Amino acid sequence: MNHTDKQKPIHQGEVKRSPIGVFDSGIGGLTVVKRLASTLPNENIIYFGDTARVPYGSKSNSTVIEYSIQNTKFLLLKNIKALVVACNTASSIAIPDLKKIFDIPIIGMIEPGSKMALKKSQTNKIGVIGTRATVGNLAYSKEIKKLNDSAKVIEKPCPLFVPLAEEGWIKHQATYEIAEEYLKELRDAGIDTLVLGCTHYPILSEVIQKVIGRKVTLIDSGVASSEVIKSELEKLDLLSDSKQTGIQEYYVSDIPAKFKEVAELFLGKEIDHVHKVDLEVLISER
Ligand code: DGL
């Protein structure tokens with residue numbers, strides 16, 4: 001694939017009313033969509049969940065970059081005006097490449113989550129949980145330390161949280177046991193703030209909060225990023241001028257019925273418009 005030319009959105013007309021594109025490896029990015037839809041109720045959102053290739057967190061950096069490029073190309077076919085990388089793994093690895101290739105505003109999760117953690121923490125002793133890739137790349141430690149070099153950051157990969165969330169095991173006993181195993185080290189370290197550094201994790205936030213303790217503030221990427229997305233679009237004069245409530249449309253690369261089931265459980269409402277997309281075909285047609 002030749003990535004040398006910057007690719008512009010293919011639409012010319014009503015850019016402001018074009019949808020915001022959001023992608024994740026699976027259902028995790030819905031935690032961002034949920035917040036985004038309440039912060040920007042008039043925006044249309046096109047979501048792509050790469051359910052055929054989830055998890056991203058255990059893949060190599062080059063694979064995550066390639067998948068992220070393909071996902072963005074697919075969303076550009078839907079005329080998106082801006083891209084939200086609602087996946088911490090892809091945000092920590094692929095954003096520089098995406099920005100080099102695509103000529104639309106691109107917003108990730110790491111900077112908003114880091115800023116919010118520093119804002120909420122009283123002690124600057126911050127825990128971060130994420131996929132192996134996000135933690136292995138020290139994405140949050142680097143960003144938080146860049147913003148405040150006296151902060152102490154402890155990171156811990158929690159890879160099993162992703163399949164538990166994809167499975168819809170929101171309050172299952174097994175989820176408690178796994179959370180206890182993963183989080184005891186962070187609890188003993190006396191952190192006062194915990195960044196949910198994977199967009200799948202807020203789906204399990206009730207369990208995580210119970211296990212880490214009520215005194216620890218959880219930082220949700222969706223909450224942290226939606227205000228940033230709003231101000232970024234405002235700055236670029238790209239906010240929708242429509243008075244109608246926005247529509248959310250969902251695309252997945254595998255098993256739409258399972259996505260719909262877990263998404264409805266998490267969003268607490270019925271969702272329509274879940275389409276299966278054959279990425280390879282769509283990309284090769286371009
Ligand atoms: N939800 C994603 C993240 O924020 C990726 C999880 C995965 O695919 O491993 O990192």
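Not measured: the values here are computed from a predicted model. Counting starts at 1 for both ligands and their atoms, following the listed order.
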Exercise. Is it the case that more than 12 heavy atoms not belonging to Glu206 sit under 6.0 Å from its CD atom?
Worked result: no
Exercise. Judging by distance only, is a nitrogen or oxygen of Thr131 under 3.5 angstrom from one on ligand 1?
Worked result: no
Exercise. By number and element, which atoms of ligand 1 are closer than 4.0 Å to a non-hydrogen atom of Asn88?
Worked result: 3 (C), 4 (O), 10 (O)
Seminar exercise, completed: Logged contact type for Thr199 with ligand 1, heavy-atom cut-off 4.0 Å, is both
For this session: Enumerate the atoms of ligand 1 whose separation from the nearest heavy atom of Val54 is less than 4.0 angstrom.
Result: 8 (O)
Seminar exercise, completed: Exactly one of Thr134, Asp50, Asn88 clears side chain to side chain donor-acceptor pair (under 3.5 Å) with Tyr56, and that residue is Asp50
Exercise. For ligand 1, does Thr89 get within less than 4.0 Å through its side chain, its backbone, both, or neither, judged by non-hydrogen atoms?
Worked result: both
For this session: Could you tell me whether Cys198 and ligand 1 have an N or O pair separated by under 3.5 Å?
Result: no
For this session: Carefully, step by step, assess Ile20 and Lys81 under the rule side-chain contact (heavy atoms from CB on, under 4.5 Å).
Result: CA-CA 6 Å; Ile20 299 171; Lys81 63 182 173 187; 3.9 Å; yes
Problem set entry | Tyr250 and Phe259 aromatic ring geometry - parallel, tilted or perpendicular at 30°/60° bounds | tilted
Exercise. Considering residues at least two apart in sequence or located in another chain, which fulfil the salt bridge (charged side-chain N to carboxylate O under 4.0 Å, His left out) criterion with Glu166?
Worked result: none
Problem set entry | Mode of Cys87 contact toward ligand 1 - side chain, backbone, both, neither (heavy atoms, under 4.0 Å) | both
Exercise. Atom 1 (N) of ligand 1: which protein heavy atom is closest, and how many Å away?
Worked result: His200 ND1, 2.7 Å
For this session: Report the part of Val162 in contact with ligand 1, treating N, CA, C, O as backbone and CB onward as side chain, heavy atoms under 4.0 Å; options are side chain, backbone, both, neither.
Result: side chain
Seminar exercise, completed: Correct closest heavy-atom pair for Gly130 and Val135 would be N-CG2, 3.8 Å
Problem set entry | Arg187 atom CZ, over 12 foreign heavy atoms within 6.0 Å | yes
For this session: Could I get the full list of side-chain hydrogen bond (donor to acceptor under 3.5 Å, both in side chains) partners for Gln209, not counting sequence neighbours?
Result: none
Exercise. In terms of residue, atom name and distance, what is the protein heavy atom nearest to atom 5 (C) of ligand 1?
Worked result: Ser25 OG, 3.4 Å
Exercise. Atoms of ligand 1 less than 4.0 Å from Tyr56 heavy atoms?
Worked result: 7 (C), 8 (O), 9 (O)
Seminar exercise, completed: atom 9 (O) of ligand 1: closest protein heavy atom, distance to 0.1 Å, is Gly57 N, 2.8 Å
